[in-house]
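Some notes on the structure that comes next.
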Amino acid sequence: MKRFTSNDEIEDLCEAMIKDFFKSKHYTNVNCVDIEAFVKEYLGVPIVYETFAEPDPGRIGFLSDGKRPLLVRRGGKVEQVVFPARTAVIEKYLQSPKESARKRFTIAHEGAHDVMGRHIPLQANPMAAFHSEYDSEMTYTPDMLKEMLNVNECFTNRAAACFLMPRFLVARVLKRHNNSQKVILYDSSILSQGQKILIQKMADTMGVSYRAFYNRLQELGLFEDRPVEEYLHSGLRYGGEMNAEHD
């Protein structure tokens, strides 16, 4: 399959859009993207909240094409509703304060579908698009898995991450919390407790989940990989030399 875009192109496009949005709002020193305002005002995509009744419970976001009906629960009854084209429908329970990070990413994802539909119309699926979270206990049909794992979804997820965590804002937050130093990672997988707390603080500042910000640090090359022995000896203070000091 020919790919009509790349991750580098998505990074540049999405960052330019967020900068243009900030300029229109006269934002100068913010650390968190108002993603609802961006999607509604800059992209011109209305956002509505409904209780989903789709067969896949992982479906929590939907961008309508004006044709495909969405199963929603209203007044205790399941209804098929066709929303106007370019309407983002978000699962209502995500309005809970504790679901803020998931709601923000879902809104960003549906906004990204709209942008990809205009930027790469020959590749992006012109039909309605879902944002689905994978459930290990769910039995998926081949069509469901194909929809979740296709290349367009990968590009859309990257664009959503770029909208919420553009490079210039990540750099600003890293400067605020860590003096612009990279996060230390041992043997490409081990983090000290202090570095985990640092990641969580930065994620909270940007209004995203720990996992989303961790992935973003990886995408932007903002981990400093060090040998695990350094952590074992200097961090955890284990090893022959450390033990010898106490003999």
Side-chain angles (χ1 to χ4, degrees), residues 7-8 10-11 14-15 18 29-36 38 58 60-61 91 93-109 112 131-138 148-149 153-154 156-243 245-246:
N7 285 330
D8 287 343
I10 289 172
E11 286 279 352
C14 294
E15 182 167 57
I18 293 297
N29 197 34
V30 299
N31 295 301
C32 179
V33 176
D34 185 342
I35 195 64
E36 287 201 55
F38 173 74
I60 55 176
E91 169 57 56
Y93 76 75
L94 294 183
Q95 291 180 299
S96 168
K98 68 179 183 179
E99 300 291 350
S100 176
R102 291 174 71 202
K103 181 186 77 170
R104 285 169 49 77
F105 190 87
T106 303
I107 291 172
H109 182 93
H131 171 50
S132 300
E133 294 184 328
Y134 183 76
D135 184 347
S136 60
E137 297 183 359
M138 173 75 181
M148 291 177 67
L149 302 175
E153 280 299 299
C154 292
T156 301
N157 280 331
R158 184 61 174 259
C162 294
F163 286 146
L164 288 169
M165 299 166 280
R167 288 171 301 197
F168 75 98
L169 270 195
V170 174
R172 185 180 296 174
V173 170
L174 196 63
K175 181 178 181 179
R176 172 182 171 182
H177 289 284
N178 205 40
N179 295 318
S180 297
Q181 299 299 307
K182 292 184 177 182
V183 177
I184 297 172
L185 188 69
Y186 299 100
D187 271 17
S188 303
S189 64
I190 300 171
L191 288 162
S192 70
Q193 177 177 276
Q195 295 298 281
K196 290 176 182 176
I197 292 172
L198 170 64
I199 292 173
Q200 188 63 66
K201 286 181 178 179
M202 293 191 288
D204 291 343
T205 297
M206 300 202 76
V208 298
S209 69
Y210 176 96
R211 176 51 56 183
F213 195 74
Y214 180 98
N215 291 341
R216 195 69 178 125
L217 290 173
Q218 284 188 317
E219 290 171 353
L220 298 177
L222 293 175
F223 281 117
E224 180 181 340
D225 198 18
R226 295 185 182 179
V228 70
E229 290 80 10
E230 179 181 326
Y231 181 54
L232 298 179
H233 300 163
S234 301
L236 298 179
R237 298 185 65 79
Y238 287 128
E241 293 182 4
M242 294 296 104
N243 292 331
E245 293 179 3
H246 300 286

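Since we're looking at a predicted model, the values are computed, not measured.
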Between atom [atom1] of [X] and atom [atom2] of [Y], what is the distance when rounded to the nearest 0.5 Å?
| X | Y | atom1 | atom2 | answer |
| --- | --- | --- | --- | --- |
| Arg158 | Asn7 | CZ | CG | 4.0 Å |
| Leu217 | Leu185 | CG | CG | 10.0 Å |
| Leu232 | Tyr238 | CG | OH | 10.0 Å |
| Met206 | Met165 | CE | CE | 7.0 Å |
| Leu164 | Ile107 | CG | CD1 | 9.0 Å |
| Ser96 | Glu91 | OG | CD | 11.5 Å |

Those residues at least two apart in sequence (or on a different chain) that pass ring pair (Phe, Tyr, Trp, His ring centres under 6.0 Å) with Phe213 are none
Handout entry: Which residues share a ring pair (Phe, Tyr, Trp, His ring centres under 6.0 Å) with Phe168, sequence neighbours left out
Key =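 Ring pair (Phe, Tyr, Trp, His ring centres under 6.0 Å) list for Phe168, sorted by chain: Phe22.
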- Task: Please answer whether the main-chain N or O of Pro227 pairs with a side-chain N or O of Asp187 as donor and acceptor at a distance below 3.5 Å.
- Result: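 Here the side-chain-to-backbone pair does not exist.
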Flag, side chain of Arg172 to backbone of Val30, donor-acceptor distance under 3.5 Å
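At least one qualifying donor-acceptor pair exists.
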Quiz: residues 173-182 side-chain donor-acceptor pairs under 3.5 angstrom, not counting sequence neighbours:
from   : atom 1 : to     : atom 2 : distance (Å)
His177 : NE2    : Thr205 : OG1    : 2.9
Asn178 : ND2    : Gln181 : O      : 2.8
Lys182 : NZ     : Gly221 : O      : 3.3

Mind listing the side-chain donor-acceptor pairs of residues 190-201 below 3.5 Å, one per line with the distance, residues two or more places apart or on another chain?
from   : atom 1 : to     : atom 2 : distance (Å)
Ser192 : OG     : Gln195 : N      : 3.2
Gln195 : OE1    : Ile184 : N      : 2.8
Gln200 : NE2    : Asp204 : OD1    : 2.9

[X] versus [Y], closest heavy-atom pair with distance:
| X | Y | answer |
| --- | --- | --- |
| Ser209 | Ala101 | N-CB, 3.6 Å |
| Arg104 | Cys32 | NH2-SG, 3.3 Å |
| Gly61 | Thr106 | CA-CG2, 3.6 Å |
| Ile10 | Cys162 | CG2-SG, 4.3 Å |

- Between Tyr186 and Tyr231, what is the ring plane arrangement, given parallel below 30°, perpendicular above 60°, and tilted in between?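 Geometry flag for Tyr231 against Tyr186: parallel rings.
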Parallel, tilted or perpendicular: rings of His109 and Phe105 (30°, 60°):
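Rings of Phe105 and His109: tilted, as their planes differ by 30° to 60°.
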Check: Gln218 and Asn215 side chains under 4.5 Å, non-hydrogen atoms
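Answer yes - side chains close enough.
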- So do Phe163 and Ile35 actually touch side chain to side chain, heavy atoms under 4.5 Å? yes
From CA spacing to verdict: salt bridge (charged side-chain N to carboxylate O under 4.0 Å, His left out), Glu36, Lys103 | CA-CA 10 Å; Glu36 287 201 55; Lys103 181 186 77 170; 3.2 Å; yes
- Task: Go through the structure and list residues passing salt bridge (Lys or Arg N to Asp or Glu O under 4.0 Å) with Arg226, not counting sequence neighbours.
- Result: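 Applying salt bridge (Lys or Arg N to Asp or Glu O under 4.0 Å) to Arg226 gives Glu224, Glu230.
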>> The criterion is salt bridge (Lys or Arg N to Asp or Glu O under 4.0 Å); which residues satisfy it with Arg216, sequence neighbours excluded?
In response: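 So Arg216 forms a salt bridge (Lys or Arg N to Asp or Glu O under 4.0 Å) with Glu11, Glu219.
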